[in-house]
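Predicted model only: the values in this text are computed from it and were never measured. Ligands are counted one by one from 1 in listed order, and the atoms in each one are counted from 1 as well.
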Amino acid sequence: MLVKLFRNASLPQCLSMCVLLFSALFSQPWRAMPKDNQENLDFAKSYQPRNKEAQHLRILLNGPAGAGKSSFINSVDSVLQRKITGRALTDATFGSSFTRRFRPEHPLTESDLGYNPSPTLDEKVQVLVSVVPADTLPVLSDEIKNKMKDIRRTASDMGIPQLAVITKVDKACRKARQDVKNVYRSKYLKRLVDEFSAELGIPVNCIFLVKNYESEIKTNDDTDALILCALRQMISFGDDFLRNL
Ligand SMILES: Nc1nc2c(ncn2[C@@H]2O[C@H](COP(=O)(O)OP(=O)(O)OP(=O)(O)O)[C@@H](O)[C@H]2O)c(=O)[nH]1
Ligand SMILES: [Mg+2]
């Protein structure tokens with residue numbers, strides 16, 4: 001079929017078909033980023049829950065060791081403070097998880113340290129965020145995927161809204177590494193999003209591509225834009241959930 005297409009096309013048509021077939025970027029991003037970050041920044045900084053019984057939003061990040069959960073927390077902190085911060089400990093070796101373990105097959109019981117039998121509205125989780133790294137996403141084990149699905153199912157039963165963040169886009173895609181503005185133009189990353197969406201059952205519009213701050217000593221607008229876009233959606237989802245309680 002392809003051969004037929006090429007045989008019937010003129011030379012310029014052939015050339016443009018070649019470009020289309022082999023280019024790694026869409027001509028337009030499949031998700032537009034705002035022209036500047038001010039609105040999203042103001043929104044995140046001034047956010048107050050509309051449900052007056054709640055003081056703040058509680059967002060649970062869940063994902064494999066080394067996925068970039070702590071880095072994402074630090075990145076959000078860095079964006080909001082407009083300088084690189086490092087409040088949550090990250091681990092470059094990630095042999096064992098730094099962040100607290102979460103095992104749906106062994107729910108906490110009253111005898112566990114820190115178990116809270118009657119959490120207040122403020123102490124309950126209002127948004128679940130699945131965090132996965134783009135570079136190893138294609139080889140994520142079934143065990144981890146099933147665990148993430150279990151956690152999502154438990155959250156769904158409780159009506160908790162969910163979204164996903166795919167980190168380390170710079171490690172998975174050369175074009176994204178060269179210029180972070182290419183993230184939502186990368187055909188490879190779009191395919192990753194589509195496949196992850198189908199596998200975990202998370203709609204594409206609830207999946208966000210992110211490059212965390214890890215080696216930078218200054219923040220920059222393009223990296224901020226990706227982080228703020230994800231953060232804004234987390235806040236909106238959480239606030240809707242709180243309001244409907
Ligand atoms: N290049 C790149 N590296 C990243 C990114 N996000 C995280 N990292 C690096 O990945 C490593 C692991 O990140 P962490 O934030 O510690 O991962 P985690 O999910 O908190 O891991 P645990 O707490 O062990 O479960 C660190 O060395 C980070 O600097 C990213 O977007 N790009
Ligand atoms: Mg961590």
### Message
For Arg174, I'd like to know if atom CZ has over 12 heavy atoms of other residues, nucleotides or ligands within 6.0 Å.
### Response
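No, because the 6.0 Å sphere around CZ of Arg174 holds 12 heavy atoms or fewer from other groups.
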### Query
For ligand 1, is any non-hydrogen atom under 4.0 Å from Asn212's backbone (N, CA, C, O), its side chain (CB onward), both, or neither?
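The answer is both.
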#### Entry: For ligand 1, the portion of Lys171 having any non-hydrogen atom under 4.0 Å away
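Side chain only; the backbone of Lys171 stays clear of ligand 1.
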Evaluate [X] for polar contact with ligand 1, using N/O atom pairs at a separation under 3.5 Å.
X	result
Ala65	no
Lys69	yes
Lys168	yes
Gly66	yes
Ala67	yes

Below 3.5 Å, can you tabulate the donor-acceptor pairs from side chains in residues 234-245 to any protein atom, sequence neighbours excluded?
residue: Ser236; atom: OG; partner: Arg232; partner atom: O; Å: 3.0
residue: Asp239; atom: OD1; partner: Tyr47; partner atom: OH; Å: 2.5
residue: Asp239; atom: OD1; partner: Arg50; partner atom: N; Å: 3.2
residue: Asp239; atom: OD2; partner: Arg50; partner atom: NE; Å: 2.6
residue: Asp239; atom: OD2; partner: Arg50; partner atom: NH2; Å: 3.0
residue: Asp240; atom: OD1; partner: Arg50; partner atom: NH2; Å: 3.4
residue: Asn244; atom: ND2; partner: Asp240; partner atom: O; Å: 3.1

### Task
May I ask which of Leu61, Val131, Asp170 has a heavy atom nearer to atom 1 (N) of ligand 1 than the others do?
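Result: the heavy atom closest to atom 1 (N) of ligand 1 is in Asp170.
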#### Entry: Cationic N near anionic O, under 4.0 Å, Lys211 to Glu216
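A salt bridge links Lys211 with Glu216.
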### Query
Does a side-chain N-to-carboxylate-O contact under 4.0 Å join Arg153 and Asp150?
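Judged by the 4.0 Å cut-off on N to carboxylate O distance, Arg153 and Asp150 do form a salt bridge.
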### Task
Give a yes/no answer: is there an N/O/S atom of Ser71 under 2.8 Å from the Mg ion (ligand 2)?
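False for Ser71.
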### Asn212 side chain to Ser75 side chain, donor-acceptor N/O pair below 3.5 angstrom
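Looking only at side-chain atoms, Ser75 and Asn212 do form a donor-acceptor pair, the distance falling under 3.5 Å.
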For residues 128-138, which side-chain donor-acceptor pairs fall under 3.5 Å, sequence neighbours excluded?
none

### Query
Does the cation-pi check pass for Arg31 over Phe208, that is, NZ or CZ under 6.0 Å from the six-membered ring centre and within 45° of its axis?
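Yes, Arg31 lies over the aromatic ring of Phe208.
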### Task
Just jot down the ligand 1 atoms closer than 4.0 angstrom to any heavy atom of Lys211, in number order.
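Heavy-atom distances to Lys211 below 4.0 Å select 31 (O).
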